Each structure stands twice: as C-alpha cells, then as structure tokens.
Q: 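I'd like to ask some things about the structure below.
Every heavy atom of this structure was used, including side-chain atoms; hydrogens, water molecules and symmetry mates were not. Owing to the predicted nature of the structure, the values given are computational and were not obtained by experimental measurement. To find a chain, count down the sequence lines: A is the first, B the second, and so on, and within it residues start at 1.
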Amino acid sequence: MTKSITIVGVGGQGTLLASRILGNLLVSEGFDVKVSEVHGMSQRGGSVVTYVKYGEKVSSPVVEKGEADVVLAFELCEGARWVSMLKKEGTLVVNTQQIDPMPVITGAMEYPENVQEKLRSAGVNVIEIDALKYAEEAGSSKAVNVVMIGALSNFMEFPEEMWIDTIKKTVPEKFVQMNLKAFELGRSIK
Amino acid sequence: MKRLMLGNEAVARGLFEAGCKIVSSYPGTPSTEITEFAAKYDEIYAEWAPNEKVACETAVGASIGGARAFCAMKHVGMNVAADPMFTAAYTGVNGGLVIGVADDPGMHSSQNEQDSRHYAIAAKLPMVEPSDSAECRDYTKAAYEISEKFDTPVILRLSTRVSHSQSIVEEFPRNEVGVKDYTKNPAKYVMTPANAKGRHVFVEQRMADLTEFAETSELNRVEHADSEIGIITAGIAYQYVREAMGDNVAVLKLGLINPMPKKMILDFAAKYKKIYVVEELDDVIETHCRKLGIEVEGKSIFGFLGELSQRIVAEKLLGSAPEYTEFDGNVPPRPPVLCPGCPHRGVFYTLSKLKLTVSGDIGCYTLGAAAPLFAIDTTICMGASVSALHGFNKARGEEAAAKTVAVIGDSTFMHSGITGLMNITYNQGISTVIILDNRITGMTGHQENPASGHTLKGVEVPPVSLEKICEAAGVKRIRVVDPLDLAAVEAVIREETAVAEPSVIITRSPCALLKSVKRKPALKIDIDKCKGCKMCMKIGCPAISF
Ligand SMILES: Cc1ncc(C[n+]2csc(CCOP(=O)(O)OP(=O)(O)O)c2C)c(N)n1
C-alpha cells in the first residue's frame, strides 16, 4: 500500500526542507519514494504544496483529493485549504500560526474565523500545534518546519534515531543542534 | 549509489554520464534546474545564454565542433529556439545534440499551455519522453545514442511533474566520449537551397529509418494484461494510469513519441477490445492512432485542458474516485506577491498613481498586474512590452503615447527587448521604456545574466552596460533612477512620458533576495502615531498588515 503525505504552507516557510528530510528518511528505510514539489513562483509568498509518497512501488508523484494519510499544514488557513486532500480516516497536523494572504492584507477579504473549530468538526483527526512558539524556543522562527516534522514523526512507524540521523544528514551543519531541538519539541506534542 | 533526484537533476546526471561537454540554456520554469545541476559537474561547461535561440545555436555549434552538446528551455522557449532547431534538423550533428524542453500543463508558471510535441513533428525530429527521474537519466543517455546513430538532434520532452518530482535514481560513471574530429563539409553544414534540397531527402529517409527503429526500441514498451481494455500513453500520464488502474490493465507506454511506431501500435490494438489514449494537452498520440485506422477514445473524454491526474483517469475510466471532506467556509486565495523590499514595487505604485497604460512583460514584475497595484495592461511574451508599445502608440498617436510606458526586466530586455527598442528608434517612435534592472533573472530563481557581473560557473566578468546598449540603439534620453526613491521615480516618469521622443528609464536596485544585498533592518510602524488610514496597505507589501 502506498502512503501519502501532503505538506502545505506559505512560500518561505521551508516546506521543501521538510519534504527532503522525510524523503531521505524513507529512502534509507528502503521504500520506493516519490516527492513532488512545484518550484517557480514559490519564493513570493504564495501557497505551496509538496507531496511525499512511499511504499513498495509508487507510480504517480502527486497526491489528489481524498488520498492523503496525513496533511502537514504549516499555517492555519492553508490547513483549511488542503484538508480535502485527506482520506476519511486521515490526520491533519496543523500549525495554528496565521499568516495573512494578500487579499486579507489589502482588506478585500477577511481571514476566516473559527478555523480550528471548523476543522475539528470536519470529520478528520486534527492535531493543533503552536509550532512558531516551539521554533522560537529552539532558537529560530525558521525552525517551524522541523517542529512540524517532529509532530509528524508521531504518526509514522520509524524509530526516533532514524529521524535524528536523517536530520543530521539533511540540514547544514551549523543548524543541526537547533533543528534537533526543534524536532524534539515537535515530537513531544502528542 | 541510489538516491532521490529531481527529474531535472536526473537529466543533468544523464548528461554527465553520456559524456556531454557543452550546455547552453536560457532559464524557464520548469526546465531551469537541469542546467544548474549540469554546471556542478567539472567535466561539463555550462552557461546561461541571453535567450533560447542563442543557447540552441551555441549547442548546435558545439555539436558541429564534435562535442556532445545540450540546451534546455521551457515550452515557450522553443518558440524562440525554433529557427535554428528547424534547420539543425537538416544539418544533423557531429557530436550528439539533445534539446531539452519542459512543458507546463496546468500552467503552474507559464503564460500558455502549448504542447511541444508538435515541434518534433513539424521539425521532423525524434522526441523522447521520460515518466520519472530514473527514465530522465536513461532517456537522456539514449537520446545521445539516437542522435549520433541517426545523425539528428533529439528533443527530450519533460513536463512539470516529471521535472519537479523526485524519485530514486542509480548513479553510474561518466562515459568520456571526447570531442570528435571536425571536417569541413559544406553539403551538410551550409544550408543554401541547393544543399538543403539534398539534406531534405536525407531528413525524410531518416524519419523512415527512425519509424523502423521505433518498432523495436526499448523506449517503447508493451505491458500486457488479461484485460478488455488497452491504454496507449506516454510520460507522466503513464504514471497516472498505473496509479489509477493498477497492474490489471494492458498498457503500451511510448518513450519515443516521435516518430511513433505503426506495427507495434496496430498489434497492441488488435489484442484488446477497447483502446483508450491517455495523454496530457493535445491529441498527438490519438491522431497517430486514427491515421492507422484504429478506433480509439481519448480527448472526447479527457479534454485538452490542464494536467491529468490519477483521479481524473479513475473518474473517467472507472467511474469512481476517492471521497473527501471540504472545509466549511471561504478560504482566501494566497497568490504569489512581490517580496517585502522588492525594488519593483515603488515603480508600480507610481505607474498606478499616474494612471498610465502599461505595456507589460514577463518576470517577477508581472505581479505588478495583481491586486492592489493593478498596474499592468498587457502581458504577452518575453520582449513584447517594448515592441507592442511601439505598435500601440503608432495606432493611437502622440497624445496617447504620453500616457503609456513599457516595463521590462533586465534579463528580459537582453533576451528580446533590444530588438524592439531598435524598432522604436529606427522607425521614429516616441515610446518610453522602463528597464527594471535588479541585476538578476529573478522570476526563475536567481540565474545570472549578462548584466549580473558573473557567470553560471561563478566567474567574475564585466557586466554588459544597459545604458550603452540603449545609447547605441539611438536613444538620446536615458535616465537611471533608484526605484526606492519614490519622488525621483515619479519625477523621471513624468518628464520622460511628456517628451515626444524615445526614452529609456533604468530603475536600478538589486533584487531584495540576493545574498549579496545588505538589507537595512526592517522599519516598524509607530502604533501611537498610526491614524489607521490604511494608505500603506495600498502598496501590496506582505510585510505590512493591519
Ligand atoms: C521565451 C521564454 N523564456 C523563458 C521564460 C521564463 N521567464 C519568464 S520571465 C523570465 C526572466 C525574468 O527576469 P527579469 O526580466 O530580469 O525580471 P525579474 O524576474 O528579475 O524581475 C524568464 C526566464 C519565458 N516566460 N519565456
């Protein structure tokens, strides 16, 4: 059976690094893996989505509506936007941080209200995390992505050492300590 | 070693392993990373050319010179490179020549959705299409074999999902093929009508030989099954078919998509009751099947628009697809926006304030068309801002010209804006052209260009002078202004649109995301003094919120 994870966020939040960590871990576990990312305009604050799929043999690199086992959302209304990717019994792990999109900044639209309540009643499992707080505790607001990976690790069957090992191999050396702390903080949320 | 590789990185790996020596490209999503990864190999000389035509001609020259050569472009780049490509189809090659083109079904970052397979048919060139990263590497190498065996350039066709997804690739060592001898051969390389007539005969024979080759090539693969239906497909669509239908359906996967085999397809079709063609964009495979007299279904159910997916294949062929829940409420869209600190912003704020008609172009600055700036009237293709403004002003006269400007980025100006500028000066136009000079090709992720001062391989070079190019083209009024100085920008735009002669305004400030840029600490709003007028929200800066 192929498992599918969808990672969503705002351009600049480091979703690509998160998908790389996950991809590398899955390869070292011996799975067939496909990771799909759309590059291009992503550095300019748009909505970004990456897919990670693994199993004995993976065909399509993309995840479609109703297919994801986990949606890992780095921002609250991105979680709302992409919750439709989940299978019926899927899990949404969502950072409760809010980043206003341009229509909200210009006043053309409102940031949606009661997102958390609505997500809880959407019929999927929801895990809410203040990842920004933990990232700052680890040493940098930029570590939101690795806090989220820590939270995700609770829903996957791999031993903690494997995650730590992969993070060490994937992130630049000078950021290893901070990222390991971010990972531990994310993983401590159950 | 086996590892995850982006499709584009795997193409670069294929270039390395095939002994490719020369790569010349112009960036364009989703093709850009091929050349960036190729540049990391010491054995490969790789460069950014000013446009795709120059890149393609450079690769053609390198091939005639005896090296295995490559150039990459996005689908619309092939429009620019088409001229050399169509005649290189006649000259053929010396060292192998592969031309990479990446289509963008769904238009994730493109201005149209053209299907580059038509180019292979029109230019009578073989085209291969991989469906994952491992095939990216394999097909790149196979393309060089075909190129040298059949004396032809070969097109490697990619698409966004193949270029930008990672899958597992095994690495092999480089086959150092060296540089072949060059011998003068005008009958082959000088395409005068007399010589070209001879080469056209060769081209037609080559297509016949390639069709024969297609019948047995390992690039085309039949995967039989005990099923009523048979599916003919290629590229990423093959992966969608396999995901949606599993292994219980027969599939003919075409890897060589021009020319396509005949007998192989007829044999496949004869074995199954109902034949579907699953292909993204146009009906190229379907048309081929119909010409062979096969009853197939394809576009009548899948249509011509956008990307396919396993979901679409399942819906159309199985009549079912996974269920899902939707968020109960409106989620505001999150479009890409100009970055905080972007030097383009002030220019568009001013253009919008002055209510000018703006002939736009392609780059980060196309975002100036979006809310809340709404500053751009037209965007067509790279370079069109300058030439189309000239036409617009010739049509509407001098008075209208005083209310119009063109905006074009530095990379885009050198790509194809210079010729349009010469058209203005030569033909006594009076248009005002603003060159948004941020010293880099921003849109596609910071590729060096002739004005950047260094090359793709990291060599420092004297930057090309935009001022001197404009001067040489005959522009007398050339103004350079700092776009972060709003008062100066407004004054200069007012002055230059008022005069009845051609002028160029260069707004010069490096891209805010460049590592070399020393950024001042961010300013903060003094909450006590803020009256809540929300004027500052009108510049569309994502760093400011209320
Ligand atoms: C023929 C063609 N080639 C490539 C592209 C991809 N592309 C779009 S804009 C652009 C260059 C943008 O650079 P620049 O003009 O310097 O503006 P900036 O993005 O830095 O503001 C490129 C390469 C394209 N759209 N068309």
Side-chain angles (χ1 to χ4, degrees), chain A residues 2 10-12 19-20 23-24 26-27 32-47 51 58-62 64-67 77-81 83-88 99-115 118-119 121-124, chain B residues 2-4 6 29-30 32-33 108-109 132 160-162 164-168 236 238-244 307 309-312 321-339 342 364 367 370-372 443-445 513 534 537-538 540-542 544-546:
Chain A
T2 300
V10 179
S19 65
R20 296 243 154 111
N24 289 345
L26 295 165
V27 171
D32 187 24
V33 182
K34 285 193 176 168
V35 177
S36 188
E37 36 196 66
V38 170
H39 298 240
M41 314 260 285
S42 54
Q43 72 228 98
R44 280 168 288 283
S47 173
Y51 308 118
V58 182
S59 296
S60 165
V62 301
E64 283 286 313
K65 283 183 172 168
E67 292 182 353
C77 82
E78 293 308 314
R81 189 189 317 283
V83 69
S84 58
M85 303 304 271
L86 282 174
K87 288 180 175 157
K88 275 253 139 44
I99 302 172
D100 285 349
M102 192 46 71
V104 174
I105 293 179
T106 60
M109 287 179 87
E110 303 260 319
Y111 196 95
E113 286 183 348
N114 309 324
V115 177
K118 282 185 183 166
L119 285 172
S121 57
V124 295
Chain B
K2 278 189 182 178
R3 62 184 178 88
L4 276 180
L6 210 56
T29 313
T32 311
E33 299 83 4
H108 294 277
S109 42
D132 63 15
T160 300
R161 298 297 182 180
V162 171
H164 283 172
S165 64
Q166 303 177 49
S167 54
I168 296 172
I236 192 67
Y238 165 78
Q239 303 291 355
Y240 299 147
V241 165
R242 275 288 169 234
E243 179 114 359
E307 291 190 285
S309 67
Q310 61 269 22
R311 185 178 181 87
I312 295 174
E323 287 176 30
Y324 58 91
T325 43
E326 202 81 70
F327 178 75
D328 171 28
N330 244 344
V331 184
R334 194 185 292 277
V337 289
L338 293 171
C339 303
C342 176
C364 289
L367 295 170
M443 171 90 170
T444 38
L513 294 185
K534 296 195 182 172
M537 314 295 281
K538 293 204 174 139
C541 177
I544 307 177
S545 54
F546 187 78

Q: To the nearest 0.5 angstrom, please state how far the CD atom of A:Glu67 sits from the CD atom of B:Glu243.
A: 6.0 Å
Q: As an exercise: rank A:Asn24, A:Thr2, A:Val124, A:Ile99 by heavy-atom pairs under 4.5 Å with chain B and give me the winner.
A: A:Ile99
Q: Rounded to the nearest 0.5 Å, how far does CG of B:Asp132 lie from OG of A:Ser60?
A: 11.5 Å
Q: Which heavy atom of A:Leu119 sits nearest a heavy atom of B:Phe327, and at what distance?
A: CD2-CD1, 3.7 Å
Q: Give me the atom names and distance for the closest heavy-atom approach of B:Tyr324 to A:Ser84.
A: CB-O, 3.1 Å
Q: Please give me the minimum heavy-atom distance between B:Thr325 and A:Ala122, naming the atom from each residue.
A: CG2-O, 3.3 Å
Q: Tell me, out of B:Pro322, B:Pro333, B:Gly540, who's got the most heavy-atom pairs with chain A below 4.5 Å.
A: B:Pro333
Q: Considering only heavy atoms, which portion of A:Val33 lies under 4.5 Å from any heavy atom of chain B: side chain, backbone, both, or neither?
A: both
Q: As an exercise: rank B:Arg334, B:Gln239, B:Lys534, B:Met537 by heavy-atom pairs under 4.5 Å with chain A and give me the winner.
A: B:Arg334
Q: Provide the closest heavy-atom pair for B:Asp328 versus A:Lys118 in the form atom of the first, atom of the second, distance.
A: O-CD, 2.9 Å
Q: Under the 3.5 angstrom rule, does the side chain of B:Arg161 hit a backbone N or O of A:Pro61 as a donor-acceptor pair?
A: no
Q: Taking side chain as everything from C-beta outward and backbone as N, CA, C, O, which of these in A:Glu113 sits under 4.5 Å from a heavy atom of chain B? Side chain, backbone, both or neither.
A: neither
Q: If you count heavy-atom pairs under 4.5 Å with chain B, which of A:Glu110, A:Lys87, A:Arg81, A:Lys88 comes out on top?
A: A:Arg81
Q: With a 4.5 angstrom heavy-atom cut-off, is it the side chain or the backbone of B:Cys342 that approaches chain A, or both, or neither?
A: neither
Q: Using every non-hydrogen atom in the two residues, find where A:Met109 and B:Pro332 come nearest and quote the distance to one decimal.
A: CE-CA, 3.7 Å
Q: Report the distance from atom CD1 of A:Ile105 to atom NZ of B:Lys538, rounding to the nearest 0.5 Å.
A: 16.0 Å
Q: Are A:Val62 and B:Glu307 side-chain neighbours, meaning at least one heavy-atom pair lies under 4.5 Å?
A: no
Q: Can you see which heavy atom on B:Gln166 is nearest to which on A:Glu37, and at what distance?
A: NE2-OE1, 3.0 Å
Q: Just give me the residue among B:Val162, B:Ile236, B:Asn330, B:Val331 that pairs up with chain A most often, heavy atom to heavy atom, under 4.5 Å.
A: B:Val331
Q: Within the structure provided, determine whether A:Asp32 and B:Ile168 are in side-chain contact (heavy-atom separation under 4.5 Å).
A: yes
Q: Among B:Gln310, B:Glu326, B:Arg311, which residue has the highest count of heavy-atom pairs closer than 4.5 Å to chain A?
A: B:Gln310
Q: Is there side-chain contact between A:Met102 and B:Pro542, with at least one heavy-atom pair below 4.5 Å?
A: yes
Q: Looking only at heavy atoms and a cut-off of under 4.5 Å, which of A:Gly66, A:Ala80, A:Ser59 has the most pairs with chain B?
A: A:Ser59
Q: Of the backbone (N, CA, C, O) and the side chain (C-beta and beyond), which part of A:Asn114 lies under 4.5 Å from a heavy atom of chain B, both, or neither?
A: neither
Q: Contact part of B:Ile312 toward chain A, heavy-atom cut-off under 4.5 Å: side chain, backbone, both or neither?
A: neither
